[in-house]
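See below for the structure under consideration.
The sequence lines fix the lettering, A, B, ..., with proteins before strands; numbering per chain opens at 1. Just so it is clear, the model here is predicted, and its values are computed rather than measured.
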Protein chains: 2
Amino acid sequence: MDSTSDKILAAAKKVFQEKGMAGARMQDIADEAGINKALLHYYFKNKEQLFFRIFSEALNQFFPKIIENIQSEKPLFEKISTFCSAYIEMMLKNPYLPLFIVNEINNHPDRMREIFWQGRENLFLGFTAQVEAEYSAGIIKQVSPANLFLNMLSMCVFPFVAKPMWLIASGMDELQFRFFMEQRKTEVPRFIIESIKK
Amino acid sequence: MDSTSDKILAAAKKVFQEKGMAGARMQDIADEAGINKALLHYYFKNKEQLFFRIFSEALNQFFPKIIENIQSEKPLFEKISTFCSAYIEMMLKNPYLPLFIVNEINNHPDRMREIFWQGRENLFLGFTAQVEAEYSAGIIKQVSPANLFLNMLSMCVFPFVAKPMWLIASGMDELQFRFFMEQRKTEVPRFIIESIKK
DNA sequence: GTCTATAACTCGATAGAC
DNA sequence: GTCTATCGAGTTATAGAC
């Protein structure tokens, strides 16, 4: 069913992700949900509370998959391929997500810090060990794990963050962009593996 | 000398780049400049006008160097090296610039379109020709110019866009980040060239 | 639960003294 | 040029009827 609460959450997600906390208006959210402002406050005490509900959901959609992937037991090349493919696919479905997250973390890094470190130890320990192991095994060249990971993340996420800029500069339209990103699901892993394989 | 107008511009740059158009307050800018709101309006008719002054300067700082570089006559590998090095250096000095630009283009893609296409024809024509020429000459593998360029841009710019997130996830502090990015000035070109060289 | 009406507040902008 | 004081529009949030 599509309860009023659900309608509000869907509307809030759309408006907040497009305009951010500062740019969003409670009126926009009410309009998008097809209700009035008073009812919004009946369900969610204030704008902040509603915002954090949406923001937390966005974080939970974005990060757990990253963490799970890089801590998995798969061989490195396979890990890289599935990571890029799954991430680009997810962002094709939620194109506003990356910029939303990046922005709001930028505005409240302190709050973020708490949410992030819930029982997690150093994210990169396992990944670092794996990269070193595959180097010792002669599978890959010597490479800094932090650089490798950041390169992978950059090439997957940045195109969505900079999408409007890229569309203008490249002259692509929406459909061409979509096709381009579909290609990148395999192009990016190929590019990375080509660079590090021995 | 440090005229009132200069103080305002410096303050506005800081506040707008940190908080964006929607998040910035004229009061913040006045405080930062050590004056009051009325004086702000004496020098700049309204917030929009002040914002566009700052935004235009940011665009002019960001894009001309990209365009000049990719349209230059240098060999590809050299082009990649100087691009990454110069861009990372510039962003180390203006860390808020990339996210500011990306955001405001996102909020007003229409305005941007006009500013951008001032007598410019397809940006990538020359670059595409060069990549194809170096492929024919047996210097590099076959590679899509758009993907190559976007990969390069992503690996240079994204770390600054996602800096607060990266600091939290990696555990780096400001100084370590700076050192890390200094390394990437040579690491990123190496990574790219390793991937495409024959 | 849902609405209308409005209070309370934030913020950009202006008036007017010095 | 610079300030204090204040207006007025736009927004969040609440009161109270149904």
Check your understanding: Does a donor on one side chain sit under 3.5 Å from an acceptor on the other, for D6(A) and S3(A)?
Key -> yes
Check your understanding: Nearest-Å distance, CG (L39(B)) to P (dG16(C))?
Key -> 19 Å
Review point. dG12(C) P sits how many Å from Y43(B) OH, rounded?
Key: 20 Å
Point to revise | Distance, nearest 0.5 Å, that separates NZ of K74(A) from OG of S81(A) | key: 9.5 Å
Exercise for review: Mind calculating the distance between CZ (R25(B)) and P (dT10(C)) to the nearest angstrom?
Suggested key: 11 Å
Review point. Atom CD of Q49(B) and atom C1' of dG12(C): how far apart are they, to the nearest Å?
Key: 14 Å
**Study point:** S85(A) backbone acceptor or donor facing R184(A) side chain under 3.5 Å
**Key:** no
Point to revise | Sub-4.0 Å heavy-atom contacts from residues 3-15 of chain B onto DNA chain C, ordered by number | key: none
Practice item. Can you establish whether the number of heavy atoms outside K198(B) located under 6.0 Å from its atom NZ is more than 12? Key: yes
Practice item. To the nearest Å, give me how far apart CG (D28(A)) and P (dT11(D)) are. Key: 8 Å
Review point. Nearest of dC3(D), dT2(C), dA15(D) to any side-chain atom of A38(A)?
Key: dA15(D)
Exercise for review: Report the nucleotide, chosen from dT12(D), dA13(C), dT2(D), that has the shortest atom-to-atom distance to any side-chain atom of H41(B).
Suggested key: dA13(C)
Practice item. State whether a side-chain donor-acceptor pair under 3.5 Å links R190(B) with N147(A). Key: no
Check your understanding: Which one, dC3(C), dT2(C), dC3(D), comes nearest to the side chain of N36(A)?
Key -> dC3(C)
Review point. Do K163(B) and M181(B) have side chains that get closer than 4.5 Å, going by heavy atoms?
Key: no
Point to revise | Nearest-angstrom distance from the residue atom CD of Q27(B) to P of dA5(D) | key: 14 Å
Review point. Any side-chain donor paired with an acceptor under 3.5 Å for S154(B) and N151(B)?
Key: no
Practice item. Quickly work out the L50(B) CG to dC11(C) P distance and round it to whole Å. Key: 17 Å
Check your understanding: With sugar-phosphate meaning primed atoms plus P, OP1 and OP2, does A30(B) contact a base, only sugar-phosphate, or nothing at under 4.0 Å between heavy atoms?
Key -> nothing
Review point. Using a cut-off of less than 4.0 Å, is there contact between a side-chain N or O of Y42(B) and OP1 or OP2 of dG1(D)?
Key: yes
Exercise for review: Find the distance I35(B):CD1 to dG12(C):P and express it as a whole number of Å.
Suggested key: 14 Å
